[in-house]
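Before any comments, here is the structure.
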Amino acid sequence: MSGGGLLVAGTTSDAGKSVVTAGICRWLVRQGVKVAPFKGQNMSLNSFVTREGAEIGRAQAMQAQAARVEPSALMNPVLLKPGSDRSSQVVLMGRPVGELSARGYHGGRQAALLDTVVGCLEELRGSYDAVICEGAGSPAEINLRRTDIVNMGIARAARLPVLVVGDIDRGGVFASFFGTTALLAPEDQELLAGYLVNKFRGDVSLLEPGLDMLKDLTGRATYGVLPFQHGLGIDEEDGLRVSLRGSVRESQTTAPVGEDVLRVAVCAVPLMSNFTDVDALAAEPGVVVRFVDRAEELVDADLVVLPGTRGTVKALQWLRERGLADALVRRAAEGRPVLGICGGYQVLGERIEDDVESRAGAVDGLGLLPVRVRFEREKTLARPVGEALGEHVEGYEIHHGVAEVQGGEVFISDGGGHSLDGCRVGSVWGTHWHGSLEADGFRRAFLREVAAAAGRRFVPAPDTSFGALREEQLDRLGDLIEEHADTDALWRLIESGAPSGLPFIPPGAPA
């Protein structure tokens, strides 16, 4: 018999679906329920590599951590990685299968993937007591309903009850709940069980009359009102955020361990990917992380980070147009720290040959590292382990560019002096490894080097554990669900499906 399930949809993008899904997963696993997350189709430039070498969205990897299970490609069978406003790389079951325009994808390819998505969900439901699914955008995007495989399409195919999350902090949450329901076809409305209010500030008793009226209008209950809390964002799918920045900002009310703070500027390059790499820096007391897009914002930075990007050549052009490239070259000449990660590492090299991503051919890099990069059609997906600055380090690789290092110092080695990845010249470092800064010992060693090069009396805290901070954050999400949602009613939904006899709210939409 298949396990229970629930689809967490939202009135809009960024309503809180990812957070609520993770919170439900953490609440359930603390009750002894074997649970897994799932998102049939994800659009994100923040991705992760599973142990079997499959690429999935970082949000699903974090939700797996919330559920205390190993992430797998089954949890995110379709990942779309935008390369422009109109096209994306399609990653199917963890492997890239080509580039498609939005029209080409929604015009036929997406609908053909429904069987794959349903098959993955059913495989998970056969192995777990419950599967908590996350939708995408809004389930009431009627222009896309015919080919939908992530919202009501998967809900109807798998007979999943649907809980709609609304962000009340944006305003208009009652209209959003009602309008979302009324725009669904009758067969879809049968599965929409109720609502969950997110990011509420103030006295809940003032909201309750509106919730009662909403139930009278729709016949559907509200399953909880989650209060607004800072620092609850897990790894983001979109947008310009540091996931832990809110909680770190709160923790920095105490003085840093040393006499100085350390200022980190992250260049907000086009098609920025895996900017979650800098979360571990932001988690350190006394480290201030900000995203920048102007050359003058680098002047007072002790460390500049060039993050990953889905468009290395485009990022390079952007840096030059904004004067950031010249500012980075001046920094390097002055011995001031720069770190490039993945696409950012490639930008720091001497030359890029790209007939795959941008098809720009040979392009000169910034020339700050003795590296030549050649883009291959086969994508590197790996979970490597090594040593850097005398400390254990591990990460994950997601890139088409292959680096040929022609000099400099070894950055990441196998512990025996043989280079595994990246290089260093003075105070300029580069690596393809995402997630390396999450290794506490390596991060501290790296920050000590940065502080010395920057002339700052900054001292890394000796006891900051990034893994422990993540666990605390996920526990806070679980607490939110446990304390502010009707968990008995939630479990009935997961176990038994949507209540029967839910009324139809006109006008509805074509099936």
Side-chain angles (χ1 to χ4, degrees), residues 6-28 30 132 134-135 137-140 161-184 189 191-234 236 239 241 245-247 249-250 253 472-494 498-499 501-506:
L6 173 70
L7 176 70
V8 178
T11 55
T12 62
S13 293
D14 202 32
K17 298 183 293 290
S18 295
V19 167
V20 169
T21 299
I24 293 175
C25 285
R26 178 50 59 103
W27 160 64
L28 285 172
R30 293 195 308 207
I132 309 303
E134 180 187 346
S138 161
V162 178
L163 186 69
V164 178
V165 178
D167 179 358
I168 197 170
D169 200 47
R170 294 182 174 188
V173 74
F174 291 117
S176 297
F177 283 145
F178 184 87
T180 297
T181 308
L183 276 178
L184 298 182
Q189 287 195 27
L191 298 171
L192 200 163
Y195 315 106
L196 187 73
V197 176
N198 193 27
K199 300 182 186 178
F200 179 73
R201 305 172 192 253
D203 185 346
V204 176
S205 66
L206 299 177
L207 188 67
E208 287 172 350
L211 300 179
D212 292 340
M213 286 186 275
L214 182 67
K215 185 172 183 180
D216 290 341
L217 287 166
T218 67
R220 290 159 174 85
T222 297
Y223 284 70
V225 178
L226 308 185
F228 186 98
Q229 290 192 18
H230 290 285
L232 287 179
I234 62 173
E236 305 287 349
R241 295 179 179 84
R245 181 179 277 181
S247 58
R249 194 180 285 133
E250 292 162 9
T253 54
E472 289 173 13
Q473 187 184 37
L474 292 170
D475 275 333
R476 289 176 66 197
L477 295 180
D479 292 343
L480 267 185
I481 299 299
E482 189 167 339
E483 295 168 12
H484 300 283
D486 185 342
T487 52
D488 288 340
L490 268 183
W491 179 245
R492 286 195 296 273
L493 271 188
I494 294 167
L502 292 170
F504 170 69
I505 308 300

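Lys17 contributes atom NZ, which lies 8.5 Å from atom OG1 of Thr21 (distance to the nearest 0.5 angstrom). Note that CD1 of Ile132 and CG of Leu6 are 5.0 Å apart. Values are rounded to the nearest 0.5 Å.
Residues Gly194 and Tyr223 approach most closely at CA-CE1, 3.8 Å, considering heavy atoms. Taking all atoms of both residues into account, the shortest heavy-atom contact from Ser13 to Gly137 is OG-CA, 3.5 Å. Scanning both residues, Gly10 and Pro139, for their nearest heavy atoms gives O-CD, 3.1 Å.
Side-chain contact, Tyr195 with Thr11: no donor N or O sits under 3.5 Å from an acceptor N or O. A donor-acceptor contact under 3.5 angstrom links the side chains of Ser18 and Glu134, judged on distance only.
Judged by distance alone, with hydrogens and angles left aside, the side-chain atoms of Gln189 form no donor-acceptor pair with the main-chain N or O of Leu502 at under 3.5 Å. Asp169 places no side-chain N or O within donor-acceptor distance of the main-chain N or O of Phe228, the cut-off being under 3.5 Å. Under the 3.5 Å distance criterion, the side-chain polar atoms of Lys199 are left unmatched by any main-chain donor or acceptor of Ala15.
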Could you go step by step and tell me if Thr218 and Phe177 meet the side chain to side chain contact (heavy atoms under 4.5 Å, CB included) rule? CA-CA 9 Å; Thr218 67; Phe177 283 145; over 6 Å; no
Stepwise side chain to side chain contact (heavy atoms under 4.5 Å, CB included) test for Ile168 and Leu207: CA-CA 10 Å; Ile168 197 170; Leu207 188 67; 3.6 Å; yes
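Identified under the salt bridge (charged side-chain N to carboxylate O under 4.0 Å, His left out) test for residues 215-227, with sequence neighbours left out: none.
Here the side chains of Leu192 and Leu184 are in contact, with some heavy-atom distance below 4.5 Å. By the 4.5 Å heavy-atom criterion applied to side chains, Leu196 and Leu226 are counted as neighbours. Using a 4.5 Å heavy-atom cutoff, the side chains of Pro499 and Leu493 are in contact. Within the 4.5 Å cutoff, the side chain of Leu477 has no heavy atoms near those of the Trp27 side chain. Using a 4.5 Å cut-off on side-chain heavy atoms (C-beta onward), Val197 and Leu211 make contact. Put simply, the side chain of Trp491 reaches to within 4.5 Å of the side chain of Ile494, judged on heavy atoms.
Partner Ile481 forms a side-chain contact (heavy atoms from CB on, under 4.5 Å) with one of Leu490, Leu28, Asp486 and no other, that one being Leu490. Among Arg30, His484, Arg26, the one residue that satisfies the side-chain hydrogen bond (donor to acceptor under 3.5 Å, both in side chains) test with Asp479 is Arg30.
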